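Before any comments, here is the structure.
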Amino acid sequence: MGPRSFGAAIAGFTALALTACTGGGTPGPAGSASGSESISSEASSALPYAGAPKVSDPLPPSVLSGDPCADALTPDQVKAALGSPVRTKPDTIGGLGPFCSWTNTDTTSAAKISVAFDTTTHQGLSGAYQNSKPQSKVWQESTIDGLPAVTHVSEHDHCQIFVGLADDALIDVGGYLSLSKIDKADPCETTKKVVSAVVTTLKQKAGS
């Protein structure tokens, strides 16, 4: 896959994970300092915060109960985004939740997409607004199939999109350009298509 690092994506996930244990450095709706206790009802009622929008038509928590490698995208959707051959890699981001990445293993491509289910912080988009927005070069608010979303760019070849599934739940979808397209294409173009596919799949899982 060449010398390119995927550190920006991990840094973004880490920033979100920090919300669960530190509250991003501010008191109030971030839960306990240890991160091991459940969020109180008072903290939950404080969501959203940090300028994050409220999710008016939330999805149930059950949509994030599975494995993103199996539940986020179909094989056809992955192929449409990356071509083939593709390597699928399941993982877990500490303090955040289950994570899956798909990489085109052709060394001339190395294009990559990833999906993380935030099942730990319980801060939804508020955590992203508080911790990731200050680091972002691009911060674009939008909606995807009726759900609030934010496009976050911190490196020229990488794009992350956070989607609020509920005030206390989100998914984090990332995309890297193929090596041949770096500085020649918008890394968010493919990522937005992937996000739309993931949201559609999760809404179907919810029966909505």
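No hydrogens, no waters, no symmetry mates; every other heavy atom, side chains included, goes into these values. All values reported here derive from a predicted model rather than from experimental measurement.
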query: Which value, rounded to the nearest 0.5 Å, describes the distance between W102 atom CH2 and C69 atom SG?
result: 5.5 Å
- request: Could you pull out the closest heavy-atom pair between G164 and V55, with the gap in Å?
  value: O-CG2, 3.8 Å
statement: Scanning both residues in full, the closest heavy-atom pair of P98 with G66 reads CG-O, 4.2 Å
- prompt: Is it true that a side-chain atom of N104 and a backbone atom of S109 form a donor plus acceptor pair closer than 3.5 Å?
  reply: no
- prompt: To the nearest 0.5 Å, how far apart are CG in L170 and CG in D118?
  reply: 4.5 Å
- request: Show your reasoning for whether side chain to side chain contact (heavy atoms under 4.5 Å, CB included) applies to T201 and L73.
  value: CA-CA 7 Å; T201 299; L73 294 166; 5.5 Å; no
message: Please report the interatomic distance OG1(T119) to CG(L96), rounded to the nearest 0.5 Å.
response: 7.0 Å
- prompt: Looking only at atom types and distance, does a side-chain atom of S126 sit under 3.5 Å from a main-chain N or O of Y49, one as donor and one as acceptor?
  reply: yes
- line: Tightest non-hydrogen contact, residues A206 and V63, listed as CB-CG1, 3.5 Å
message: Can you tell me how far apart SG (C159) and CD1 (I113) are? Round to the nearest 0.5 Å.
response: 12.5 Å
task: Tell me, with the steps shown, if S101 and K112 meet side chain to side chain contact (heavy atoms under 4.5 Å, CB included).
output: CA-CA 7 Å; S101 63; K112 178 176 180 174; 3.4 Å; yes
message: I'd like to know if V163 and V153 are part of one continuous hydrophobic network [Ile/Leu/Val/Met/Phe/Trp/Tyr, side-chain heavy atoms within less than 4.5 Å].
response: no
message: Looking at every non-hydrogen atom in both residues, tell me the closest pair between F99 and A116 and how far apart they are.
response: CD1-CB, 4.0 Å
- request: Would you check if the side chain of Q204 reaches a backbone N or O of L202 as a donor-acceptor pair within less than 3.5 Å?
  value: no
query: Is a side-chain donor-acceptor pair under 3.5 Å present for H152 with S132?
result: no
field: Any donor-acceptor pair under 3.5 Å from T103 side chain to T105 backbone
entry: no
- request: For the residue pair Q160 and D172, confirm or rule out a side-chain donor-acceptor distance under 3.5 Å.
  value: yes
Identify all side-chain donor-acceptor contacts of residues 179-197 below 3.5 Å with residues at least two apart in sequence or on another chain.
unit_1: S180; atom_1: OG; unit_2: S178; atom_2: OG; d: 3.3
unit_1: D186; atom_1: OD1; unit_2: C188; atom_2: N; d: 2.9
unit_1: T191; atom_1: OG1; unit_2: P187; atom_2: O; d: 2.9

- request: Please check if the side chain of D76 supplies one atom and the backbone of K79 the other of a donor-acceptor pair under 3.5 Å.
  value: no
- line: Heavy-atom nearest pair, G95 first then T121, reads O-CG2, 3.5 Å
message: Using 30° and 60° as the class boundaries, would you call the ring planes of W139 and F162 parallel, tilted or perpendicular?
response: tilted
query: Which atoms form the tightest heavy-atom contact between P90 and T88, and what is the distance?
result: CD-O, 3.9 Å
message: Tell me which pairs pass side-chain hydrogen bond (donor to acceptor under 3.5 Å, both in side chains) where either residue lies in residues 60-75, with sequence neighbours left out.
response: D71-K205, T74-Q77
message: Applying the side chain to side chain contact (heavy atoms under 4.5 Å, CB included) criterion to Q140, which one of I161, V150, T151 satisfies it?
response: T151
task: Show the numbers, then the answer: is there a side chain to side chain contact (heavy atoms under 4.5 Å, CB included) between L64 and I171?
output: CA-CA 9 Å; L64 298 184; I171 56 172; 3.7 Å; yes
task: Could you tell me the separation between the CG atom of L125 and the CG atom of L47, rounded to the nearest 0.5 Å?
output: 10.5 Å
query: Can you list every pair that meets salt bridge (Lys or Arg N to Asp or Glu O under 4.0 Å) and has a residue in residues 119-141, with sequence neighbours left out?
result: none
